[in-house]
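Worth knowing before you read on, the calculation uses all heavy atoms, side chains too, and leaves out hydrogens, waters and symmetry mates. Letters go in sequence order (proteins before strands), and every chain restarts at 1. Remember, it's a predicted structure, so these values are computed and weren't measured experimentally.
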Amino acid sequence: MKIQEKLNLLYKLLDNFYGDLKWWPAETPFEVCVGAILTQNTNWTNVEKAIKNLKEKNLLTYKKLIEIDTEQLKRLIKPAGFYNQKAERIKIFCDFVDKKLDGDILSLKKFSIEDAREMLLSLKGVGKETADSILLYALDFKIFVVDAYTMRLFKRYGVGDYDNYDKCQDFVHKNFRGDLYEYKNFHACIVELCKSYCKKKPLCNFCILKKYCNKNIE
DNA sequence: AGCCAGGCCTGCC
DNA sequence: GGCAGGCATGGC
């Protein structure tokens with residue numbers, strides 16, 4: 001089977017297994033952005049606590065987050081870890097929304113995907129995965145989000161051995177026949193699958209899928 | 001008790 | 001342009 005077919009089949013398997021994971025779990029595009037920064041190298045359950053703290057005080061707008069004292073912001077997002085860096089990154093991001101986007105993150109939709117990505121990447125604290133998560137889940141740009149899970153999974157399934165974000169993303173862009181929703185759910189399924197993957201458990205989701213996969217592919 | 005989580009920046013080379 | 005080291009909390 002061709003690699004391209006294998007990649008598309010992988011998504012079908014995941015979609016059959018998990019269905020619509022309804023990513024990103026957030027009420028507004030702005031919340032997606034804040035969540036994307038907070039979740040950097042951090043368990044999502046910890047991020048939820050931080051988001052909850054912000055919501056309880058009605059602080060989840062760029063204006064409120066610009067106004068708030070940085071030390072107080074640090075206390076509120078503390079559960080998400082790396083709170084010193086993340087507080088600064090959130091401040092920088094909100095400043096960007098205020099000064100460059102006229103207060104509306106959706107203004108980025110006026111730009112080409114390349115330009116919008118460039119603008120996000122220029123912000124300190126926004127790397128490729130964070131930028132792409134914002135582009136895909138907050139702005140509905142059709143771009144594939146790569147992470148460590150993705151490259152690991154692709155290697156294990158034998159659809160390519162990538163150790164490089166751009167090359168892996170490029171591979172998906174060229175070979176995955178999915179619409180916007182499927183781009184969103186593909187990444188979500190990969191994360192969901194890999195989170196539950198454990199070497200010690202013989203019948204974790206990964207193994208079940210792999211068996212299913214082997215049976216139906218080869 | 002130790003390892004990991006939905007990364008990114010800096011400072012080296 | 002690649003790569004270690006630092007950042008910090010909470011769950012298992």
In plain terms, say whether A:D170 and A:K174 are close enough for a salt bridge, that is, a side-chain N and a carboxylate O under 4.0 Å apart. yes

Please state whether the rings of A:W23 and A:H187 are parallel, tilted or perpendicular, taking 30° and 60° as the class boundaries. perpendicular

A:K74 side chain near C:dT9 phosphate (N/O to OP1/OP2, under 4.0 Å): no

How many Å lie between CZ on A:F93 and C1' on B:dG7, as a whole number? 16 Å

Taking any heavy-atom pair under 4.0 Å as a contact, classify A:V145: base, sugar-phosphate, or nothing. nothing

Is B:dC3 paired to anything, Watson-Crick or G-U wobble with both distances less than 3.5 Å, and if yes, which nucleotide? C:dG11

Rounded to the nearest angstrom, tell me the gap between atom CZ in A:F82 and atom P in B:dA5. 12 Å

What is the distance, rounded to the nearest whole Å, between atom CG of A:L38 and atom P of B:dA5? 18 Å

A:I77 CD1 to C:dA8 P, in whole Å, measures 10 Å

So A:K86, base contact, sugar-phosphate only, or nothing? Heavy-atom distance under 4.0 Å. nothing

Could you tell me whether A:D179 atom CG has more than 12 heavy atoms of other residues or ligands within 6.0 Å of it? yes

Separation of the P atoms in C:dA8 and B:dA1, to the nearest angstrom: 24 Å

Would you say B:dC8 has OP1 or OP2 under 4.0 Å from some side-chain N or O of A:N41? no

Report the residue (A:N164 or A:K78) whose heavy-atom-nearest nucleotide on DNA chain C is the more 5′ of the two. A:N164

Indicate whether OP1 or OP2 belonging to B:dA5 is found under 4.0 Å from a side-chain N or O atom of A:T45. no

Tell me whether the rings of A:F186 and A:F144 are parallel (<30°), tilted (30 to 60°) or perpendicular (>60°). tilted

Looking just at side-chain N and O atoms, do A:D104 and A:Y62 make a donor-acceptor pair shorter than 3.5 Å? no

Round to a whole Å and report the spacing from CG of A:D166 to C1' of B:dG7. 15 Å

B:dC8 P sits how many Å from A:L120 CG, rounded? 11 Å

Quickly work out the A:K195 NZ to C:dG11 P distance and round it to whole Å. 14 Å

Of A:P25 and A:G125, whose nearest nucleotide on DNA chain B comes first from the 5' end? A:P25

Compare side-chain N and O positions of A:Y83 against OP1 and OP2 of C:dT9 and report whether any pair is under 4.0 Å apart. yes

Looking for any heavy atom pair under 4.0 Å, which part of the strands does A:L123 touch: base, sugar-phosphate only, or nothing? sugar-phosphate

Side chain A:Q40 and base B:dC8 donor-acceptor under 3.5 Å: no

What is the distance from CD of A:Q85 to P of B:dA5, rounded to the nearest Å? 17 Å

